[in-house]
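Inspection log for the structure reproduced underneath, given as structure tokens.
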Amino acid sequence: MEKQSRKQGPTRRTILESGAAMGFVLTAGFPAMGRHMAVAANAPIDTGMTAANAIEITLNINSRNYSLGLDPRTTLLDALRNHLGLTGAKKGCDHGQCGACTVLVNGRRINACLSLAAMHEGDTIMTIEGLAAGEKLHPVQAAFVAHDGFQCGYCTPGQICSAVGMLQEAKDGWPSHASQNLNATTIALTDAEIRERMSGNICRCSAYPNIVAAIRDAATEV
Ligand code: FES
Ligand code: FES
């Protein structure tokens, strides 16, 4: 009996999918949830807020433009996950403490839970869903697989986006707390450097040694 009533109610998936369908209008393709396009066209703004509260913004995510009607308080993380169905970036704390929500904005890593979507009009946003080139994994993704850099996988999208951003920071000569020479233009990515630079990404499965190995490996290819 209990089983039957559960069956009749909306599932977590149907709620998520209908919410995502209502919250956006696609302006240039939509890889993750293309089957919702017809629904979205009929309901361009429905964020669960009154129309008076909603603002319209356009976000460029993984080389596609999305127009959304959003409550201005919506974080970038919630816009990605709840309104666009891009659920790769994870919410581990919503307080900037775990790094599970890390995405790349204009090539730099940020915690999407600490940033309002409305702040990113005109920015170029890259999420874990956009890193691979078709079927070909990004070198950091491939290295995580090769080195078993994950177990449950919950922190992994944030770890990988963070690593991609971190490798660029090192290339650009940004020193870290572990750097001996603050004026060096080239950063040697020692394990100590990698550990320090990745310290904003927590892994409860403690895949850290393999994550370091994966990043050390990928650094030679990126
Ligand atoms: S969810 Fe953003 S840092 Fe934890
Ligand atoms: S792989 Fe499980 S939290 Fe990192």
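Whatever order the structure lists them in is the order used to number ligands and atoms, beginning at 1. Just the heavy atoms: all of them, side chains too, but no hydrogens, waters or symmetry mates, feed the values below.
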Does some side-chain heavy atom of Leu137 sit less than 4.5 Å from a side-chain heavy atom of Leu131? no
For residues Val103 and Met126, determine if any side-chain heavy atom of one lies less than 4.5 Å from a side-chain heavy atom of the other. no
Might you list the protein residues in contact with ligand 2, defined as having a heavy atom under 4.0 Å from one of its atoms, sorted by chain and number? Phe150, Gln151, Cys152, Gly153, Cys155, Cys203, Arg204, Cys205
Report the residues that fulfil salt bridge (Lys or Arg N to Asp or Glu O under 4.0 Å) with Lys91, sequence neighbours left out, ordered by chain and then residue number. Asp78, Asp94
Would a 4.5 Å heavy-atom cut-off, applied to side chains only, mark Arg197 and Leu189 as touching? yes
Quick check on atom 4 (Fe) of ligand 1: does Cys93 put an N/O/S atom closer than 2.8 Å to it? yes
Note, Ile110 side chain near Thr102 side chain (heavy atom, < 4.5 Å): no
Less than 4.5 Å apart, any side-chain heavy atom of Ile125 and any of Asn62? no
Quick note on ligand 1: atoms under 4.0 Å from a heavy atom of Asp94 include exactly 1 (S), 4 (Fe)
Indicate yes or no: at least one non-hydrogen side-chain atom of Phe150 is less than 4.5 angstrom from one of Cys155. no
Side chain, backbone, both or neither: which part of Leu114 comes within less than 4.0 Å of ligand 1 when only heavy atoms are counted? neither
Using a strict 4.0 Å cut-off to heavy atoms of Cys101, name the atoms of ligand 1 that fall inside it. 1 (S), 2 (Fe), 3 (S)
How would you list all residue pairs meeting salt bridge (Lys or Arg N to Asp or Glu O under 4.0 Å) that involve residues 106-123, not counting sequence neighbours? Arg108-Asp172, Arg109-Glu169
Which of the numbered atoms in ligand 1 are below 4.0 angstrom from a heavy atom of Gly99? 3 (S), 4 (Fe)
Near Gly96, which atoms of ligand 1 are under 4.0 Å from a heavy atom of that residue? 3 (S)
Got a sec, which residues hit salt bridge (Lys or Arg N to Asp or Glu O under 4.0 Å) with Arg216, two or more places apart in sequence or on another chain? Asp191
